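Let me begin by presenting the structure, written as structure tokens, before commenting on it.
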Amino acid sequence: MRINPTHRNQHIRRSQNLTTKQSMLHVSEHRFRRMVEISPEPIIVHSEGILTFLNRAALKLIGADSQVEMIGRSIFDFIHIDYHRIVKSCLLEVGDEDNDLEFIPIELIRNDGENIEAEISSVEAFNFLGRAVIQSVIRDISARKRNDEFLKRTDKLSAIGQLAAGVAHEIRNPLTALKGFTQLMISKYNEPYCAIMLEELDRINLIVNEFMLLSKPQIANMKQNNLKILIDNVIFLLEAQAIINNVQINYELEENIPPIFCDENQLKQVFINIMKNAIEAMPDGGNLIIQSQVSSEKVLLRFIDQGDGIPQEQILKLGQPFFTTKEKGTGLGLMVCYNIIEAHKGTMFIESEQGRGTTVNITFPH
């Protein structure tokens, strides 16, 4: 049987067109896969909760080395159990390619066990044999959360700074008049009580100046100072309060502590605040231990008390305006301490365990 040349040519052209379409489809699939692979957004593909694909960003976010160790595992292995129900409920709402979800907050569990705040949004990529294949985008929002908290704290500090400036201004006006008349009385009557009054007025003025630190710490008198001498002076001031509270101050500073560039009065303010807090945390008595550790770049001071300690959920809030663990505290003293240490290019962090006391760690560059 002879084959019609026209039919043969049509068959060849159809075959060529099919081959061309298959080739173009393969190229498109390759390009799409590469686009997803190199996307900066962490993307996972899963069906019935089982992972089938993760791009590089998703592997990095979860802390995995390769897809091999991830494919075939449940996505709920990496979502905190508190969020399983809401994620399952939202995935059931994914019906077709046009029905995507808003981002919902979740807590992601990395391979190293670290929990991070994240958000997830999903869409059905396609349907295979009646099973939905879902593509999900996961974003790490922990940095954004920290920035939001920082902005809230900054806003509070700004409001407190404005309040502090206003109050200080109102106090200084009558204080100037009182100080002037007291000096006049000293020159005219030379009464010893007047000298005491003048000393107390100077003390009020100093307190007002320190109150201004709530707005912004001012490094007014920076010079090389000996930390050991500064702490000696503070211990001398607080010794009576320590004795009343049956607290023993144990001094374990190294002899080779190098001098640091600082404002003497401001650091005294920090040390007084920390040591008073430690003494007040031990109403039934105990030991306050002051230690030091010197490295090539910094000096570390530790103030260790034997009080009741601070719950873990409260430690992160320490230093925030008006947050305090004291019944009659304001939370402003510790906030000022953080500001002063930060202005000295140092760091301050607090460790505590309920029933085992609190340790305040302060580092200074030298």
Side-chain angles (χ1 to χ4, degrees), residues 203 206-207 209-210 213 216-282 285-310 312 315-316 318-319 325 332-366:
R203 177 173 173 79
L206 178 62
I207 292 171
N209 289 335
E210 292 179 348
L213 293 173
K216 183 179 179 182
Q218 301 293 322
I219 308 301
N221 186 24
M222 298 288 288
K223 61 181 181 180
Q224 295 287 345
N225 283 286
N226 188 313
L227 278 176
K228 191 172 183 297
I229 293 176
L230 294 185
I231 295 178
D232 277 337
N233 292 338
V234 173
I235 290 176
F236 178 76
L237 290 173
L238 297 178
E239 194 170 17
Q241 184 178 351
I243 292 172
I244 292 172
N245 286 271
N246 196 28
V247 172
Q248 179 71 37
I249 300 177
N250 297 320
Y251 199 63
E252 301 176 3
L253 293 186
E254 301 176 23
E255 294 294 332
N256 64 333
I257 299 179
I260 65 169
F261 195 64
C262 66
D263 184 295
E264 176 183 354
N265 289 329
Q266 290 188 12
L267 282 198
K268 282 184 179 179
Q269 180 183 358
V270 171
F271 297 151
I272 288 172
N273 191 290
I274 291 172
M275 293 172 67
K276 281 184 66 178
N277 286 347
I279 292 171
E280 291 171 2
M282 298 181 284
N287 293 316
L288 169 58
I289 303 170
I290 306 173
Q291 299 176 339
S292 67
Q293 185 176 330
V294 180
S295 68
S296 59
E297 297 180 351
K298 61 185 179 181
V299 176
L300 169 64
L301 293 178
R302 290 192 186 97
F303 297 83
I304 308 168
D305 69 48
Q306 296 177 331
D308 292 334
I310 304 169
Q312 289 298 314
I315 291 179
L316 294 177
L318 294 176
T325 57
L332 299 179
L334 200 56
M335 185 189 72
V336 172
C337 291
Y338 274 106
N339 285 351
I340 291 174
I341 297 302
E342 183 179 352
H344 282 77
K345 303 188 186 306
T347 61
M348 175 172 155
F349 62 98
I350 298 174
E351 302 171 290
S352 187
E353 185 177 344
Q354 283 190 285
R356 303 194 64 176
T358 301
T359 300
V360 179
N361 303 274
I362 303 177
T363 62
F364 298 101
H366 68 81

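When a residue number appears, it is its place in the shown sequence, counting from 1. Just so you know, these numbers come straight off a predicted model, no measurement behind them.
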Of all pairs that satisfy ring-ring contact (aromatic ring centres under 6.0 Å, His included), the ones with a partner from residues 253-277, not counting sequence neighbours: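 Sorted pair list: F271-F303.
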
Return yes if some donor-acceptor pair links the side-chain N/O of [X] with the main-chain N/O of [Y] below 3.5 Å, else return no.
X	Y	result
Q306	G286	no
N225	C262	yes
T358	S352	no

Any side-chain heavy-atom pair from M348 and N361 closer than 4.5 angstrom?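 A side-chain contact is absent here, since even the closest heavy-atom pair is not under 4.5 Å.
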
For E342, is the CD atom crowded, meaning more than 12 foreign heavy atoms sit under 6.0 Å from it?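 Check fails, neighbour count at 12 or below.
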
For atom CD of Q224, is the number of surrounding heavy atoms from other residues, nucleotides or ligands below 6.0 Å larger than 12?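 Check passes, neighbour count above 12.
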
Those residues that, when tested against [X], pass side chain to side chain donor-acceptor pair (under 3.5 Å) (two or more places apart):
X	result
T359	none
E264	K268
E252	Q291

List the atom pairs, donor and acceptor, that lie under 3.5 Å between side-chain atoms in residues 227-250 and the rest of the protein, sequence neighbours left out.
unit_1	atom_1	unit_2	atom_2	d
D232	OD1	Y251	OH	2.9
N233	ND2	I229	O	3.4
N245	ND2	Q241	O	2.8

Taking all atoms of both residues into account, what is the closest heavy-atom pair of [X] and [Y], and its distance?
X	Y	result
R302	L300	NH2-CD2, 3.4 Å
D263	M222	N-SD, 3.5 Å
K345	P365	O-CD, 3.4 Å

Going by side chain to side chain contact (heavy atoms under 4.5 Å, CB included), L301 matches just one of T363, I274, V360, L253. Which one?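 Testing L301 for a side chain to side chain contact (heavy atoms under 4.5 Å, CB included) against T363, I274, V360, L253 leaves exactly one candidate, L253.
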
side-chain contact (heavy atoms from CB on, under 4.5 Å), that's the test. Do I341 and F349 meet it? Break it down for me. CA-CA 10 Å; I341 297 302; F349 62 98; over 6 Å; no

About how many Å separate [atom2] of [Y] and [atom1] of [X], when rounded to the nearest 0.5 Å?
X	Y	atom1	atom2	answer
L267	I260	CG	CD1	5.5 Å
S292	I362	OG	CD1	12.5 Å
I290	I304	CD1	CD1	10.0 Å

Apply side-chain hydrogen bond (donor to acceptor under 3.5 Å, both in side chains) to the pair D308 and Q354, showing each step before the final yes or no. CA-CA 6 Å; D308 292 334; Q354 283 190 285; over 6 Å; no

Mind checking what makes side-chain contact (heavy atoms from CB on, under 4.5 Å) contact with P258, not counting sequence neighbours?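 Partners of P258 under the side-chain contact (heavy atoms from CB on, under 4.5 Å) test: V294, V299, H366.
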
The criterion is salt bridge (charged side-chain N to carboxylate O under 4.0 Å, His left out); which residues satisfy it with K298, sequence neighbours excluded?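 Listed in chain order: nothing, the list is empty.
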
